[in-house]
Amino acid sequence: MKSILSGCIFLFVAALLQAAPGDSLVIPPLDQGRLSSAGVREYRLRADEGTRQFYPGAETPTLGYNGEYLGPTLKLLRGEAVSILVENALTEATTTHWHGAHLPAEADGGPHQVIAAGGRWRAEFTVDQPEATLWYHPHLIGTTAEQVYAGLAGMIIIEDPAVDYPVPAEYGTDDFPVVLQERRFERDGSFRYRPGMPDIMHGYAGNALLTNGGIEPVLEADTTLLRLRLLNGGNSTVLRLTLDAGISFYQIASDGGFLEGPVEMEAIVLSPGERAEVLLDLRSYRGREVRLEAETHLGDRYTAMVIKPAASLRANGSLPARLASIPEPGRGSGLSTRPFVMSTMGRGGRLTINGKTMNLRRIDERVELGTSEVWEVSTDRMMMSTPHSFHVHGLQFRILSINGAAPPPTLAGYKDTVLLWPGDTVRLLLEFTDYTGLYMYHCHMLEHEDAGMMGQYEVRES
Ligand SMILES: [Cu+2]
């Protein structure tokens with residue numbers, strides 16, 4: 001009886017999980033804001049509950065911004081003053097953090113900028129950083145992982161009107177956001193978010209991969225060059241992305257903006273929070289299919305998306321030779337070095353940075369405005385299967401070295417999040433240029449973050 005029952009359950013889950021692929025890739029609406037008479041570009045986000053049918057016939061309770069799942073893509077222009085109003089229509093508190101943005105601490109949307117249930121909050125800052133793909137998501141102490149899991153996340157595109165980069169930039173035509181999120185579905189279609197201790201330690205595995213909230217969606221491409229803005233928006237699984245059919249990625253940007261030029265890649269590895277912009281040259285793939293495949297660090301494999309180039313493709317440029325000039329970061333010699341040890345082996349199984357779990361009343365590190373430092377981040381070797389994803393708020397850093405070696409070209413540009421495998425040590429260059437205040441640093445594996453793997457640094461006037 002038991003085996004018949006479990007057999008039925010298996011068949012039901014299999015039927016459920018095979019039901020949806022083939023829908024078109026959902027493109028989140030592009031919100032370009034509205035210019036006020038005062039010259040401020042205004043945006044409005046409303047976090048609310050909803051439901052979405054990820055599988056036909058199964059309503060999944062979700063959270064979303066201005067919709068039932070995920071949120072609009074916000075396009076911000078460098079040099080402009082922006083004001084983003086966030087309304088919280090949830091029955092619980094939230095925050096909205098602008099991941100990767102260089103801005104004043106009070107606009108960061110971290111755990112200090114709590115928006116009570118039914119409340120609202122306005123983030124005001126001037127966009128002052130190179131073109132890049134950033135994103136936004138909740139960042140409340142202890143409930144970040146659950147709120148992101150339910151669907152609260154969206155992409156941000158920073159555009160620099162003063163520079164015309166020779167890459168596709170028609171949103172939804174040849175330039176696409178690709179938000180990748182591993183999820184675990186219950187048989188009734190609801191998300192199953194109940195991580196146990198092994199999930200918290202090693203990564204919360206799923207049984208589906210959502211791409212812009214769809215399962216194995218299809219992207220019909222009709223241009224020779226395709227630009228994908230890849231984001232690992234999942235909670236705690238590292239994704240290794242590949243393309244079938246022998247086609248390469250040309251990575252053009254990392255977290256904080258363009259690389260010096262395209263880098264041909266067989267695979268792109270993204271830890272939670274990281275972004276990579278890639279170009280695909282579809283000229284040899286007219287009328288064929290290209291599958292974007294994803295494998296997690298826990299060994300699960302998914303087809304993230306099926307790209308179908310049309311039989312006839314419109315020429316929209318060629319691979320650029322050069323993109324950005326990125327200053328040589330040097331070796332960090334002469335700068336003070338600050339150690340950060342990420343550990344899953346704290347007393348009582350705690351997840352710690354420098355032996356401490358997060359405490360909002362404690363400032364862990366104090367740095368001086370106008371200075372540069374090397375942050376040396378390392379992970380313990382004890383838990384051999386647990387990677388970490390180190391993220392710093394408020395700025396973009398440079399990777400000086402990974403285990404003593406220079407970073408590969410795709411990690412040599414501007415970064416705000418860096419993957420560390422067990423036993424890794426990375427040296428980062430941080431510059432505290434123009435804002436004082438309290439910012440966070442933490443592991444972006446969200447179950448680790450919620451378990452306390454986070455700290456605060458304060459930038460102070462010298
Ligand atoms: Cu971690």
Side-chain angles (χ1 to χ4, degrees), residues 97 99-100 110-111 135 137-149 153 180-182 193 195-206 231-240 255 269-275 296-300 338-359 364-365 375-393 397 399 402-403 411 415-428 439-457:
H97 167 57
H99 180 128
W135 65 301
H137 61 79
H139 209 301
L140 200 66
I141 296 285
T143 55
T144 293
E146 194 164 2
Q147 292 188 357
V148 173
Y149 208 82
L180 301 164
Q181 300 173 301
E182 195 185 19
Y193 189 71
M197 191 42 84
D199 305 310
I200 292 171
M201 296 292 275
H202 302 299
Y204 192 48
L231 158 67
N232 183 348
N235 275 36
S236 56
T237 43
V238 178
L239 297 177
R240 181 176 186 274
D255 299 333
V269 176
L270 294 177
S271 64
E274 283 186 294
R275 288 86 68 207
T296 74
H297 76 280
L298 297 172
D300 293 314
R338 209 177 276 266
F340 294 84
V341 180
M342 307 175 85
S343 176
T344 50
M345 299 299 286
R347 251 178 300 152
R350 293 183 314 152
L351 285 84
T352 59
I353 298 178
N354 291 342
K356 298 174 284 186
T357 54
M358 177 64 197
N359 183 342
D364 298 280
E365 310 290 338
W375 284 17
E376 187 172 280
V377 188
S378 57
T379 55
D380 59 33
R381 293 168 192 274
M382 307 294 282
M383 275 292 174
M384 292 311 288
S385 62
T386 303
H388 298 289
S389 180
F390 188 77
H391 171 50
V392 185
H393 285 211
F397 55 72
I399 301 176
I402 302 174
N403 300 327
L411 297 177
K415 293 283 293 169
D416 54 54
T417 307
V418 58
L419 166 64
L420 290 97
W421 295 106
D424 274 358
T425 297
V426 298
R427 285 167 59 82
L428 312 175
Y439 295 94
M440 319 304 290
Y441 58 85
H442 61 91
C443 183
H444 216 289
M445 291 181 67
L446 299 182
E447 282 70 39
H448 290 187
E449 174 184 338
D450 278 356
M453 198 175 244
M454 177 155 63
Q456 308 190 80
Y457 75 97

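Ligands are counted one by one from 1 in listed order, and the atoms in each one are counted from 1 as well.
The N, O or S atom of His388 lying closest to the Cu ion (ligand 1) is ND1. Take the N/O/S atoms of His448: the one nearest the Cu ion (ligand 1) is ND1.
Using modelled atom types and a 3.5 Å distance limit, the side chains of Ser271 and Glu274 yield a donor-acceptor pair.
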| said: Between His444 and His137, is the ring-ring contact (aromatic ring centres under 6.0 Å, His included) condition met? List the steps. | reply: CA-CA 12 Å; His444 216 289; His137 61 79; 5.1 Å; yes

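Metal site remark for the Cu ion (ligand 1): Cys443 contributes an N, O or S atom at a distance under 2.8 Å.
The distance from the CZ atom of Arg350 to the OG1 atom of Thr344 is 12.5 Å, given to the nearest 0.5 Å.
In this structure, His97 and His393 have parallel ring planes: the angle between them is below the 30° cut-off, well short of the 60° mark.
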